[in-house]
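The next block holds one structure in the form of structure tokens; read it before the comments.
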Amino acid sequence: MRFRGHAHRSLDGKGRLILPPDFKDKILSEVPDGKLVLTIWEKHVIGITPAQWARLEEELEKIKAPSRQMQNIIRIFYSGYEEVSVAANGRIAIPAHLRRSGKLDKDVVVMGAGRRFEIWPAESFDALLEEDYDVSDELADNSVSLPF
């Protein structure tokens, strides 16, 4: 499952959000019980499937002697964990601790990020688009040739 695109949304007073229709359709067609895992990654709320979460745990267990920094990343993942249900209309409830950690207020952007989706404050998304990026060396180092 790949998430692409983005949508501006507003959280209601209870912290609920309507996912973009294509995100909802993908989730409800590919995740049998319509459950998602929300957690924190790079200071933003992310949505992944329970199968992805299980794989994440397996991968993290491979680290035999985690550094202090890695321990903190693991703490953030696990402390952020929340399983939510996707309603038929695409609505999910974002728990208060995740809204606080992700600095989510009323106006947010739900964006596809490949195998996950991310929920950012609208102003942070706008700032992301304003940045100048030069990744030409990284692309070349990885033998990536963009087709445009």
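Expressed to the nearest 0.5 Å, how far CH2 of W120 lies from NE2 of H6 amounts to 12.0 Å. Atom CD of E138 is separated from atom OH of Y133 by 13.0 Å, given to the nearest 0.5 angstrom. For the atom pair CD of Q69 and CD1 of I74, the computed distance is 11.5 Å after rounding to the nearest 0.5 Å. To the nearest 0.5 Å, atoms CE (M111) and NE2 (H44) are separated by 7.0 Å. Going from atom CG of D25 over to atom CD of E30 covers 10.5 Å, rounded to the nearest 0.5 Å.
The salt bridge (charged side-chain N to carboxylate O under 4.0 Å, His left out) search around R9 returns none, not counting sequence neighbours. Partners of E123 under the side-chain hydrogen bond (donor to acceptor under 3.5 Å, both in side chains) rule, at least two apart in sequence or in another chain, do not exist in this structure. Contacts of T49 classified as side-chain hydrogen bond (donor to acceptor under 3.5 Å, both in side chains), with partners at least two apart in sequence or in another chain: Q52. Shown here are the side-chain hydrogen bond (donor to acceptor under 3.5 Å, both in side chains) partners of D12, two or more places apart in sequence or in another chain: R16. In this structure, W41 has no side-chain hydrogen bond (donor to acceptor under 3.5 Å, both in side chains) partners at least two apart in sequence or on a different chain.
A salt bridge does not link E57 with R55: none of the charged nitrogens is closer than 4.0 Å to a carboxylate oxygen. Comment: E58 does not engage K62 in a salt bridge, judged by the lack of any side-chain N to carboxylate O separation of less than 4.0 angstrom.
Residues I46 and L128 fall into different hydrophobic clusters, defined by Ile, Leu, Val, Met, Phe, Trp and Tyr side chains chained together at heavy-atom separations under 4.5 Å.
Here the closest heavy-atom approach between residue F77 and residue L60 is recorded as CD1-CD1, 4.1 Å. R2 and K26 make their closest contact through O-NZ, 2.7 Å (heavy atoms, listed as atom of the first residue, atom of the second, distance). Across N89 and K24, no two heavy atoms sit closer than the pair C-CD, 3.6 Å. Nearest heavy-atom pair across D107 and S10 is OD1-OG, 3.3 Å. Between T39 and Y81 the shortest heavy-atom distance is OG1-N, 3.6 Å. Between R99 and G15, the shortest heavy-atom distance links the atoms NH1-CA, 3.5 Å.
A donor-acceptor pair under 3.5 Å is absent between the side-chain atoms of N142 and the main chain of V144, judged by distance alone.
Side-chain contact between D141 and L139 is absent, with no heavy atoms from C-beta onward closer than 4.5 Å.
The hydrophobic cluster containing F3, built from Ile/Leu/Val/Met/Phe/Trp/Tyr side-chain heavy atoms closer than 4.5 Å, also comprises M1, L11, L17, L19, F23, I27, L28, V31, L36, L38, I40, V45, I76, V84, V86, I92, I94, L98, L104, V108, V110, F117, I119.
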